[in-house]
Asks: 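Pasting a structure here, questions to come.
Values in this document were obtained by computation on a predicted structure and should not be read as measured data. Hydrogens, waters and symmetry mates are skipped; everything else that's a heavy atom, side chains included, is used. Proteins get letters first, then strands, A, B, ... in listed order; numbering begins at 1 in each.
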Number of protein chains: 2
Amino acid sequence: MSAHDDGADGTDLLASVDQRLRAAGLRNSRSRQVVVDVLVGAGRPLSLPEILEADVELAQSSAYRNLGELVEAGVARRVESADDHARFELHESLTGHHHHLVCTTCGRVEDFDVPDDFEAGIDVMVHAAESQGFRIDAHRFDLLGRCARCSSASGD
Amino acid sequence: MSAHDDGADGTDLLASVDQRLRAAGLRNSRSRQVVVDVLVGAGRPLSLPEILEADVELAQSSAYRNLGELVEAGVARRVESADDHARFELHESLTGHHHHLVCTTCGRVEDFDVPDDFEAGIDVMVHAAESQGFRIDAHRFDLLGRCARCSSASGD
DNA sequence: CTTTCTGCAAACGATTTGCAGCAGC
DNA sequence: GCTGCTGCAAATCGTTTGCAGAAAG
């Protein structure tokens, strides 16, 4: 049931990441390290531009390429926001299952935890869904609105 | 509670659509009519290619342009799927609040209803979210998996 | 008639990819 | 030294937009 059975301080998290990269046959290159570090330190899904800001040396194509490989290796996950930029975060198996708050104005995404009984309710619905012919293996639940900055910026 | 207080046979639905188009200052052009008709008859969110299939006369740019206007006029809504094609469906105020089953293989999206108490649970979480600085005004909940066709096509 | 639409083709912008040289191990 | 990785620039591809003529009211 636990999402990550290592310690919770991040040290083991990095070890897990390293292990998965190794398992996927990926080297410890500088670019890859930067991308991973940024994702680990972010605490929320980041867009490509945000990731690039973290390191001037990082080329856009390398960032995209690395993100693809990280997703492939089960280290990262792509998150849909509300603007035309995808966001990326560490895989749930590393950070724990959670959901997102999505700003429909600027696209910012923040993590959000929901009560266990809510998750339980989802499990129940999966059965109903499968009677519709779908084979369900994941879900996404997002609350959409205005983030703090965007709420104060314009009206209201 | 009710999503549409007209009859449920679709006649009033079309009337509502017409009214909103009128209110938005949009004319009854052939292209627009086609797009609306297709969405009404679909019963699930459609991609641009799917909409185009419905009428050979319909130009891609006109379809996109009309969809944008329909969304603007509160007649349609854009739905995020799992592939790189956006989907479009009638606005919830016309069809009723619902959620989606999303095929991660082909991108197909189908409507899915959830129990009222599940929706109630969502309302509760909105408060928690607002304490995180977000001002919430909508949510999206999707079950992700393989649609009937894609499940049978490849393994299991 | 006047204003909104339409189709076409060009423009956009996020993401992907080919390639030649550099860097892990 | 291999092999994978990087930056660059060109290519993709869904979606948007400019424009001149056609259609709605």
Asks: Specify the separation, in whole Å, of atom CD of A:Glu57 and atom P of C:dC22.
Replies: 16 Å

Asks: Give a yes or no answer on whether the side chain of B:Ser31 reaches the backbone of B:Leu58 with a donor-acceptor pair at less than 3.5 Å.
Replies: no

Asks: Take atom CG of A:Asp116 as the centre, draw a 6.0 Å sphere, and report whether it contains more than 12 heavy atoms from other residues, nucleotides or ligands.
Replies: no

Asks: Is it the case that over 12 heavy atoms from other parts of the model lie below 6.0 angstrom from the CD atom of B:Glu119?
Replies: yes

Asks: Give, ordered by number, those residues of residues 22-36 of chain B having at least one heavy-atom distance below 4.0 Å to an atom of DNA chain D; if nothing qualifies, reply none.
Replies: B:Arg27, B:Asn28

Asks: What is the distance from CG of B:Asp55 to P of C:dC5, rounded to the nearest Å?
Replies: 18 Å

Asks: How about A:Phe118 and B:Phe118: are their ring centroids closer than 6.0 Å?
Replies: yes

Asks: Among residues two or more places apart or on two chains, list those pairs meeting salt bridge (charged side-chain N to carboxylate O under 4.0 Å, His left out) that have a residue in residues 51-68 of chain B.
Replies: B:Arg30-B:Asp55

Asks: Expressed in angstrom and rounded to an integer, what is the separation of A:Arg87 atom CZ from C:dA14 atom P?
Replies: 11 Å

Asks: Could you tell me how far apart A:Gln60 (CD) and D:dA9 (P) are, to the nearest whole angstrom?
Replies: 12 Å

Asks: Between A:His100 and A:Glu89, is there a side-chain donor-acceptor contact under 3.5 Å, judged purely by atom types and distance?
Replies: yes

Asks: For B:Asp18 and D:dG25, what is the distance between atoms CG and P respectively, to the nearest whole Å?
Replies: 10 Å

Asks: Does any residue of residues 41-53 of chain B have a heavy atom under 4.0 Å from DNA chain C, and if so, which ones, in number order?
Replies: none

Asks: Is the closest basic N to carboxylate O distance between A:Glu130 and A:Arg135 below 4.0 Å?
Replies: no

Asks: Among residues at least two apart in sequence or on other chains, which ones pass salt bridge (charged side-chain N to carboxylate O under 4.0 Å, His left out) with B:Asp83?
Replies: B:Arg87

Asks: Not counting sequence neighbours, list each pair that qualifies as a salt bridge (charged side-chain N to carboxylate O under 4.0 Å, His left out) and has a residue in residues 96-110 of chain A.
Replies: A:Arg108-A:Glu110

Asks: Can you measure B:His85 atom NE2 to C:dA14 atom C1' for me and round it to whole angstrom units?
Replies: 15 Å

Asks: If you count every heavy atom of other residues, nucleotides or ligands that lies below 6.0 Å from B:Gln33 atom CD, does the total exceed 12?
Replies: yes

Asks: Give, ordered by number, those residues of residues 64-79 of chain A having at least one heavy-atom distance below 4.0 Å to an atom of DNA chain C; if nothing qualifies, reply none.
Replies: A:Tyr64, A:Arg65

Asks: Provide, to the nearest angstrom, the distance between the CG atom belonging to B:Leu58 and the P atom belonging to C:dC8.
Replies: 11 Å

Asks: Just by distance, no angles: are the side chains of A:Ser93 and A:Arg20 close enough, under 3.5 Å, to form a donor-acceptor pair?
Replies: yes

